[in-house]
Amino acid sequence: MTKKSIFTRQAQAADGTLARGAPDERPPRPSQASPAGAALSTALLDWYDRHARDLPWRTSPADRKRGIRPDPYRVWLSEVMLQQTTVAAVKSYFQTFTKRWPTVADLAGAPDEAVMGAWAGLGYYARARNLLACARVVTLQHNGRFPETAEELRALPGIGDYTSAAIAAIAFDEPAAVVDGNIERVTTRLHAIETPLPAARKAIRAFVDAMTPSLRPGDFAQAMMDLGATICTPRRPACVLCPVSAGCRARMEGRPEEFPRKLAKKAKPARIGAAFVARRASDGAVWLRRRPSTGILGGMSEPPSTDWSSRMDGGTGRDAAPFAAGWRLAGSVAHGFTHFDLVLEVWTAEIDADPATEGWWATPASLVDEALPTLMRKAVAVAESTAPATKERSR
DNA sequence: CACCCGTGGAG
DNA sequence: TCTCCAAGGGT
């Protein structure tokens, strides 16, 4: 027999209606039971029983076998928080949210500002807006219960292909094909898929669909993700420890790190802007305003700022200030966004009267609860650090 | 499909 | 220092 993965037999036998690229990249036909997939899922689930990560939103494999299901609310919340975000970053936010809002109805009843404030720092703030919208739909239109099928879940705000499948599988035992970044990596390696992302997604989905067991589909999905997170890592995967290495084509060919292949990404442009941190002389409060609900950092608070639409050579300067004051340059903040790099000049001034602009005062004590994204928190800190009057006042 | 949308940690 | 990128979704 040739060097062929035991997990690709089905693929060879398949008709290959999806055929594009190398013949052995042909996925099995969806909905067709796959003996090879069964072999993989069995090995993987056995590994998961012994090595599952212990995470706050999870039910252990042992408890799961006793019929204990995780709370759909907690599964949903964790899945949304984990979108493009590391487990390490999510943990404390998950703890905060579940303690403050133990049920979806509690969350639905929360003020927008409270939720945005609690989400501040986690990034991708559209998630927080959609989270709240989803909580309200579930509470008001579904009697406080999450729909139990991927199809129905998919219709809710902030729940796409991945999240709907993940919730359906993990919380409701639906054998939905869960495909996230981890599973894309694991799958492209198992089958040595040469097609670069995102074009390979269709084939990946078909493979995953064939692998997904009808028994323990949720544990299977989480096992794949754990495998990707701890063994089948982007760099230097620990194939020696991998429970499915025997069936991995990339491993056989000695080049697991070459997958998944990806298209080259575009360079990030540079932008510059300015933030104006006005501080109240009497108590050091900072003047804030709300950003528009759409677009970058949508719905979050900020000190009045210019837009960053284009690079202005030589900086922006105090001419861009939202109101007259004794503005002086406190420094600057460099911040990398997903698709551009920003340098934000930070100007500061001390004032007595309220500015004649939309906004509110945030006292030093209330600043922690403000919906300030990390960028704006940095800007306030820069202004703070160069305000000599602060220490004078506080003594 | 291509683009927009944050942040922090790892190497 | 710098690049990569993590349990993606919306438009």
Side-chain angles (χ1 to χ4, degrees), chain A residues 53 55-58 70 74-94 116 119-131 133-134 153-171 176-186 196-199 201-202 208 218 220-230 232-236 257 260 262-269 271 291-300 302 308-309 333-342 344 371-378:
Chain A
R53 286 179 292 174
L55 300 172
W57 45 86
R58 262 190 192 173
R74 293 166 66 89
V75 173
W76 163 71
L77 180 62
S78 68
E79 289 302 340
V80 173
M81 286 184 166
L82 287 161
Q83 288 166 4
Q84 296 290 285
T85 309
T86 58
V87 167
V90 163
K91 278 183 176 173
S92 65
Y93 283 85
F94 182 80
M116 299 309 284
W119 196 276
L122 199 54
Y124 284 135
Y125 299 101
R127 291 185 297 171
R129 285 178 266 134
N130 287 330
L131 186 84
C134 181
L153 288 161
R154 180 70 177 76
L156 295 169
I159 298 183
D161 288 335
Y162 162 75
T163 306
S164 58
I167 297 172
I170 295 169
V178 178
V179 184
D180 77 322
N182 285 306
I183 295 172
E184 283 178 353
R185 185 170 56 255
V186 171
L197 293 174
R201 295 228 160 95
K202 191 171 180 179
V208 173
F220 173 75
Q222 293 177 97
M224 287 283 279
M225 292 189 273
D226 276 20
L227 186 71
T230 65
C232 196
T233 52
R235 283 164 295 202
R236 300 179 59 79
E257 60 289 317
K262 293 183 179 177
L263 261 27
K265 51 186 64 173
K266 294 171 30 174
K268 291 199 284 190
R271 294 185 185 176
R291 291 179 61 86
S293 59
T294 58
I296 196 162
L297 308 180
M300 302 297 282
E302 66 172 7
W308 326 316
S309 55
V333 171
H335 195 79
F337 286 101
T338 308
H339 56 293
F340 64 90
D341 290 314
L342 176 71
L344 192 65
L372 280 173
T374 298
L375 165 67
M376 298 304 175
R377 219 164 270 280
K378 286 186 197 169

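Sequence lines set the chain letters: A, B, ... in the order given, protein chains first and strands last, and positions in each chain run from 1.
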message: I'd like to know if A:Arg201 and A:Asp161 make a salt bridge, using a cut-off of under 4.0 Å between side-chain N and carboxylate O.
response: no
Note, [X] side chain near [Y] side chain (heavy atom, < 4.5 Å):
| X | Y | answer |
| --- | --- | --- |
| A:Tyr93 | A:Thr85 | no |
| A:Leu156 | A:Trp76 | no |
| A:Arg74 | A:Phe94 | yes |
| A:Met224 | A:Val178 | no |

Touch check for [X], heavy atoms < 4.0 angstrom, all strands: base, sugar-phosphate only, or nothing?
| X | answer |
| --- | --- |
| A:Thr374 | sugar-phosphate |
| A:Lys378 | nothing |
| A:Ser78 | nothing |
| A:Arg53 | base |
| A:Leu131 | nothing |
| A:Arg129 | nothing |

Taking the side chain of [X] as its heavy atoms from C-beta onward, which of [options] lies nearest to it?
| X | options | result |
| --- | --- | --- |
| A:Tyr162 | C:dG9, C:dA6, B:dG6 | C:dG9 |
| A:Pro373 | C:dA6, C:dC4, B:dT7 | B:dT7 |
| A:Thr338 | B:dC5, C:dC5, C:dA6 | B:dC5 |
| A:Pro234 | B:dG6, C:dG10, C:dA6 | C:dA6 |
| A:His339 | B:dC4, B:dT7, C:dA6 | B:dC4 |

Please give, in whole Å, the distance from [N] [atom2] to [X] [atom1]?
| X | N | atom1 | atom2 | value |
| --- | --- | --- | --- | --- |
| A:Glu302 | B:dG6 | CD | P | 12 Å |
| A:Leu372 | B:dG6 | CG | P | 14 Å |
| A:Gln83 | C:dC5 | CD | P | 19 Å |
| A:Met376 | B:dT7 | CE | P | 9 Å |
| A:Lys268 | B:dC4 | NZ | C1' | 13 Å |
| A:Ile167 | C:dG8 | CD1 | C1' | 12 Å |
| A:Gln84 | C:dC4 | CD | P | 15 Å |
| A:Leu153 | C:dG8 | CG | P | 17 Å |

query: Under 3.5 Å, side chain of A:Arg129 to main-chain N/O of A:Thr294, donor-acceptor pair present?
result: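 Judged by distance alone, no pair lies under 3.5 Å.
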- prompt: Between A:Arg127 and A:Gly158, is there a donor-acceptor pair closer than 3.5 Å when you use the side chain of the first and the backbone of the second?
  reply: no
statement: Note: contacts of residues 119-127 of chain A with DNA chain B (heavy atom, under 4.0 Å) are A:Gly121, A:Leu122, A:Gly123, A:Tyr124, A:Tyr125
message: Under a 3.5 Å threshold, yes or no: a donor from one side chain and an acceptor from the other, between A:Gln83 and A:Tyr162?
response: no
- prompt: Using the ring of each side chain (for Trp, its six-membered ring), is A:Phe340 parallel, tilted or perpendicular to A:Trp308, with breaks at 30° and 60°?
  reply: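 Rings of A:Phe340 and A:Trp308: tilted, as their planes differ by 30° to 60°.
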When you check the phosphate oxygens OP1 and OP2 of [N], does a side-chain N or O of [X] lie under 4.0 Å from one of them?
| X | N | value |
| --- | --- | --- |
| A:Lys265 | C:dC5 | yes |
| A:His335 | B:dT7 | yes |
| A:Lys266 | B:dA2 | no |

message: Measuring centre to centre across the rings, with the benzene-like ring taken for any Trp, is A:His339 within less than 6.0 Å of A:Phe337?
response: no
task: Would you please enumerate the stems DNA chain C participates in, each stem being three or more consecutive Watson-Crick or G-U wobble pairs with both distances under 3.5 Å?
output: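 Stems found: B:2-5 with C:8-11, B:7-11 with C:2-6.
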query: DNA chain C: A:Gly158 or A:Ala229, which has the more 5' nearest nucleotide?
result: A:Ala229
field: A:Leu156 or A:Glu79, whichever maps to the more 5' nucleotide of DNA chain C
entry: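 The 5'-side residue here is A:Glu79.
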query: Between the base of C:dG9 and the side chain of A:Thr163, is there any donor-acceptor pair under 3.5 Å?
result: no
- request: Any chance you could measure A:Arg235, atom CZ, to A:Glu257, atom CD, to the nearest 0.5 Å?
  value: 12.0 Å
message: Please give the distance between the P atoms of B:dG6 and C:dT11 as a whole number of Å.
response: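 Result for the P pair: 14 Å, nearest Å.
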